[in-house]
There are 2 protein chains.
Amino acid sequence: MATSKIPHATAKRLPIYYRYLHFLSDAGKQRVSSTELADAVKVDSATIRRDFSYFGALGKRGYGYDVESLLAFFKKTLNQDKLTNVALVGVGNLGHALLNYNFHQSNNVRISAAFDVKEDITGTIQSSVPVYHMNDMKEQLSVQQIEIVILTVPSKVAQEVTNEVVEAGVKGILNFTPLRITVPDTVRVQNVDLTNELQTLIYFLDKFGKQDENKLG
Amino acid sequence: MATSKIPHATAKRLPIYYRYLHFLSDAGKQRVSSTELADAVKVDSATIRRDFSYFGALGKRGYGYDVESLLAFFKKTLNQDKLTNVALVGVGNLGHALLNYNFHQSNNVRISAAFDVKEDITGTIQSSVPVYHMNDMKEQLSVQQIEIVILTVPSKVAQEVTNEVVEAGVKGILNFTPLRITVPDTVRVQNVDLTNELQTLIYFLDKFGKQDENKLG
DNA sequence: GAGTCTATGTTACAATAATAACAAGTTTAA
DNA sequence: TTAAACTTGTTATTATTGTAACATAGACTC
């Protein structure tokens, strides 16, 4: 099957396409061209056509892509046709915000359990999500057959907690801690590093600034 | 100057190196090798040496890198030696979490102003940050000479607000909205798309799952 | 229904990034 | 002081990603 050798770079763009198709569909648009898409998602039109072509001929020459059928195709490809249950580990500032964050809106994802050590919230329901004590994590993850975990614990305990969720059979971790956690290669980690993003922005900004100065000088 | 042609991929890794050097310094370590670093930050040791070499010869053969001097070098390179003031636009769930998020801890960044339209929080101070009304945004951004903005507004108004901050002279936007905003090419955008990250993770997970099945079958 | 127009899918090319390999300094130990 | 061990910096190689170009299939017009 062709889908087994989708380039990483392509795979990362699929959700972006998917979301914009959703938007077009909601707006009642029937067809869309790669150029139009390119403008909206800021990806070169040739890249878009190339990305799509890995999945076969999804469009029609001289016409473009049919919004509904393309949307349906990506829905299936991105597993958006079935609900994915995930767990949130660490209900601090960021964790709380993610509980409220509407992953479910354009995304068929639900946070079905949260875990923390703080006695004042364990046993309660936060933003419609039950919060369990970390002691019960392994059991709950197994029972609920949760394969994906959002990690928002303090970095001090990040590796320790990671080991635990891996033992519980988790296969994917969305890692919000600044640490690069160690996992067996059957487990996939996606890092979201807020500080990094900001620092990178500052770094590039400064470079640009200097260039501008040169131009002026 | 060599620093003007640092590859993008390298630049994105600099903050990761910086943070780990910080950790090593705090732990009192004197020296570190590329292999050791590689293990901690999950980047190939050759890649690390290559990355570093863009900035000149930072290490010593047969010895490794001196933690303190490397840290000092990156501190300067990443502009961590001076405080960067940023503004937060949109004080919703995520915005609130980011106000509490400790950017300042290992990062010399401070959120010095926040903006929103909600009358119940404008004029108040949230997590030690004054919240202004969106109507005063352009003025405040200019007065406070803020060049970087964290964008956490509803996607509906994302482009509109973007235009405004750009007019106010902002040069970098950390975009948390799922929309790919349009800016002049003097402005840099760094996208942080939480839904995307999660979807990408789900996508890859599914592919791996299928592969495993094949292996078993 | 023939001709023009349009936008895909693909092929060829260019740029960027990652990895491997190793020569050349430095350290360390004897 | 010498040699073995180590680790960088760099060069050569490979892999990945992005962009350009265009032939081709199909849509649209009259």
Side-chain angles (χ1 to χ4, degrees), chain A residues 2-14 16-17 20-21 24 29-71 73-74 180 185 191 200 203-204 207, chain B residues 2-17 20-21 24 29-71 73-74 180 185 191 200 204 207:
Chain A
T3 51
S4 58
K5 34 176 149 23
I6 303 293
H8 195 270
T10 295
K12 289 208 296 182
R13 283 188 290 264
L14 298 183
I16 307 173
Y17 301 144
Y20 192 68
L21 286 169
L24 289 177
K29 271 210 107 194
Q30 305 254 317
R31 58 188 262 190
V32 66
S33 71
S34 59
T35 333
E36 216 178 326
L37 262 171
D39 192 53
V41 302
K42 318 290 179 206
V43 173
D44 190 273
S45 70
T47 303
I48 293 180
R49 291 199 299 279
R50 233 295 197 54
D51 282 350
F52 287 5
S53 78
Y54 288 113
F55 299 96
L58 302 177
K60 273 187 211 166
R61 289 165 196 243
Y63 178 87
Y65 302 88
D66 178 75
V67 171
E68 289 307 320
S69 53
L70 196 56
L71 184 64
F73 178 81
F74 278 120
R180 296 298 166 113
D185 56 7
N191 295 303
T200 305
Y203 174 79
F204 279 118
K207 296 311 130 194
Chain B
T3 51
S4 57
K5 35 176 150 15
I6 303 294
H8 195 269
T10 295
K12 288 209 298 183
R13 283 189 290 265
L14 297 182
I16 307 174
Y17 301 145
Y20 192 67
L21 286 169
L24 289 176
K29 270 210 108 192
Q30 305 256 317
R31 60 188 261 191
V32 66
S33 71
S34 59
T35 334
E36 216 177 327
L37 262 172
D39 192 52
V41 301
K42 319 288 181 207
V43 173
D44 191 273
S45 70
T47 303
I48 293 180
R49 292 200 299 280
R50 218 332 179 36
D51 283 348
F52 286 5
S53 78
Y54 288 112
F55 299 94
L58 303 176
K60 272 187 210 164
R61 291 165 195 243
Y63 177 88
Y65 301 89
D66 179 74
V67 171
E68 288 308 320
S69 52
L70 196 56
L71 183 66
F73 178 82
F74 277 120
R180 297 299 168 111
D185 57 6
N191 296 303
T200 304
F204 278 119
K207 299 308 133 194

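Just so it is clear, the structure is predicted and the values come from calculations on it, not from any experiment. Worth knowing before you read on, the calculation uses all heavy atoms, side chains too, and leaves out hydrogens, waters and symmetry mates. Letters A, B, ... mirror the listed sequences (proteins, then strands); counts begin at 1.
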Which part of the nucleic acid, if any, lies within reach of [X] when heavy atoms closer than 4.0 Å are counted: base, sugar-phosphate only, or nothing?
X: B:Y65; result: sugar-phosphate
X: B:S33; result: sugar-phosphate
X: B:S45; result: nothing
X: B:T35; result: nothing
X: B:A9; result: sugar-phosphate

Spacing of [X] atom [atom1] relative to [N] atom [atom2], expressed in whole Å:
X: B:D51; N: C:dA18; atom1: CG; atom2: P; value: 8 Å
X: B:I48; N: D:dT8; atom1: CD1; atom2: P; value: 9 Å
X: A:K42; N: D:dT19; atom1: NZ; atom2: P; value: 15 Å
X: A:I6; N: D:dT16; atom1: CD1; atom2: P; value: 14 Å
X: B:R31; N: C:dT28; atom1: CZ; atom2: P; value: 6 Å
X: A:R50; N: C:dA12; atom1: CZ; atom2: C1'; value: 10 Å
X: B:D44; N: D:dA15; atom1: CG; atom2: C1'; value: 13 Å
X: A:F52; N: C:dT10; atom1: CZ; atom2: P; value: 14 Å

key: Shortest non-hydrogen contact from A:K42 toward B:R180   =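 Smallest interatomic distance, heavy atoms only, reads CE-O, 3.3 Å.
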
query = Between the base of D:dT24 and the side chain of A:R61, is there a donor-acceptor distance below 3.5 Å?
reply = yes

query = Donor-acceptor pair under 3.5 Å: do we get one between A:R49's side chain and the base of C:dG9?
reply = yes

task = Sort out for me which residue in B:Y17, B:F74, B:F52, B:F73 forms a ring-ring contact (aromatic ring centres under 6.0 Å, His included) with B:Y65.
result = B:F52

key: Any A:K60 side-chain N or O less than 4.0 Å from OP1/OP2 of D:dA25   =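 No, no such contact exists.
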
query = Using a cut-off of less than 4.0 Å, is there contact between a side-chain N or O of B:T47 and OP1 or OP2 of C:dA18?
reply = no

message = Quick check: on DNA chain D, is the nucleotide nearest A:Y63 upstream (toward 5') of the one nearest A:A46, or the reverse? Name the residue that is more 5'.
response = A:A46

ask   = Are B:D51 and B:R13 close enough for a salt bridge, meaning some N to O gap below 4.0 Å?
value = yes

task = Spell out, as yes or no, whether a donor-acceptor pair under 3.5 Å connects the side chain of B:R49 to the backbone of B:S34.
result = no

query = Got B:T47 and B:T10 here, is their nearest side-chain heavy-atom distance under 4.5 Å?
reply = no

note = The answer to which of B:R13 and A:G59 contacts DNA chain C further toward the 5' end, by nearest nucleotide, is A:G59

